[in-house]
Amino acid sequence: MKTVDEHLADILDAVGVLPARRVPLTEAHGCVLGADVRATVAVPGFDNSAMDGYAVRAADIEKASEDNPVTLPVAGEIAAAAGTPPFVEPGTAVRIMTGAPFPPGADTVVQVEWTDGGTQTVAIHRPARRGLHIRRAGEDITPGSLVLPAGTLLGSTQIGLLAAVNVARPPVHPRPRVVVLATGSELVDLGERLQPGQIVDSNSHAVAAAAREAGADAIRLTGVPDDAAQFEARFREVLGQADVVVTTGGVSVGAHDVVKEVLSAGGQVRFESIAMQPGRPQGFGVVDGVAVFTLPGNPVSALVSFEVFVRPALLKMRGHTNLNRQAVTVTVGEPMTSPPARRSFLRVRVSRGQDGSLVATSAGGQGSHQLSAAASANALLVVPEDVTAVEVGKPLTAILLSSDPADNVLGALTAAAGAPGPGQ
Ligand code: AMP
Ligand code: MG
């Protein structure tokens, strides 16, 4: 049997990073930058005020104090808007708002709190040093400087920064287009009435959702029967619309495992037994430039296989270099078993014990059809190939899966400070 690591290495060798292209900024959110972005402008673009207050000359208010305020005539007002600010004559003040262009003639901003706030004349009761509260042009970004390097994941702050430097179409690695094809003659789509022996297709929903969670655009096709000709037709059809095709079902050794039958005939997809549980039968290959993953049909097997093999491939295609989830060392809170010579991925709940350490307990039934236990897990416990009996207290690696804040077992801030109350 092939090891998990060998199989993953083969997959990652075979898939490439999707070439970067320019997309509208809104679409770029959640993508990885494909090239360095340099500034063509300065930010701030012009000297401006960091405070609501008055633009004055520092020398004119040098002697200002609470007891002896300096009173200056207010010669005008500058709002945060377009236009050229007026010259500030010696011995005068101009009202200025935050973000408004800083006027020539003045050399400092006195914040409104240090004055009486007057509109005809203003009494200033504290001196201000030259340059106070002036945001200088280029103080954040200078033209030509590196704004964000290639490889940066564009979250909200990075999107804001790109907008600030007026980049309308950043170059990003596109989201992989994933088509999920659920096969099995027993499958019906959501909401349909079930005849004896039929089941609702859950895999196509779950795998497409997992692909979206991995940053892909995913669509799902359901109800492809266990019929070689029909499967082949659907498969050929979707090849042209996808970067990745993920099938579920039909890859074990049953009499009607048509995915394996059809795709092994083509020769590009290899079907192998991987030393893991769940998810032993796996197929992978590249067909007409499209990465094809054939996952087993049992719902938990399909999802674990996706997690272990498809997700890292999607992250690579999206331009990520770290393809791993957060993994932590946990101790096991109850005895567990694992088959010999296979790496198990047990569905567990990881929580913080009384002593602050991380403890894993089983999330429930570990059968590869038992989706409800998987749905209550927040981690996969990795039991190495050479371990068959896991005793209480044994340290093992757990892969953290959940993005639910309630599952944030690492939460250093809340763990240290106690659960924050409202308003904190
Ligand atoms: P297979 O890999 O086709 O032998 O299927 C293994 C098990 O998974 C069988 O019990 C199937 O009924 C079940 N199964 C296959 N495809 C799906 C699916 N799309 N949704 C839910 N269960 C499935
Ligand atoms: Mg089947």
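Read the numbers this way: they start at 1 and go in the same order the structure lists the ligands and their atoms.
Here D10 pairs with K2 in a salt bridge; the nearest charged N to carboxylate O distance falls below 4.0 Å. Checked for salt-bridge contact, R343 and D5 meet the test: a charged N lies under 4.0 Å from a carboxylate O. The residues E307 and R325 are annotated as salt-bridged, a charged nitrogen and a carboxylate oxygen being separated by less than 4.0 angstrom.
Considering all non-hydrogen atoms of both residues, H173 and M317 come closest at CB-O, 4.2 Å. Across all non-hydrogen atoms, the minimal contact from I399 to V382 is CD1-CG2, 3.7 Å.
Remark: minimum distance from atom 17 (C) of ligand 1 to any protein heavy atom is reached at N203 ND2, 3.2 Å. When hydrogens are left out, the protein atom nearest atom 10 (O) of ligand 1 is N298 OD1, 4.1 Å; that is the closest non-hydrogen contact. For atom 21 (C) of ligand 1, the closest heavy atom belonging to the protein is S202 OG, 3.4 Å. Closest to atom 15 (C) of ligand 1, if we only count protein heavy atoms, is G297 O, 3.4 Å. Here the protein heavy atom with the shortest distance to atom 19 (N) of ligand 1 is D201 OD1, 2.8 Å.
Remark: ligand 1 and G250 share an N or O pair separated by less than 3.5 Å (distance only, no angle test).
Only the side chain of S252 comes within 4.0 Å of ligand 1, counting heavy atoms alone; its backbone N, CA, C and O stay farther away. Of the heavy atoms in P299, only side-chain atoms (C-beta onward) come closer than 4.0 Å to ligand 1. Only the side chain of E186 comes within contact range of ligand 1, with a heavy atom under 4.0 Å; no backbone atom does.
Here is the list of ligand 1 atoms found below 4.0 Å of a heavy atom in I199: 12 (O), 21 (C), 22 (N), 23 (C).
Between D407 and S402, the side chains place a donor N or O and an acceptor N or O closer than 3.5 Å (distance only, hydrogens not considered).
We find the CG-CG distance between L181 and N203 to be 11.5 Å, quoted to the nearest 0.5 Å.
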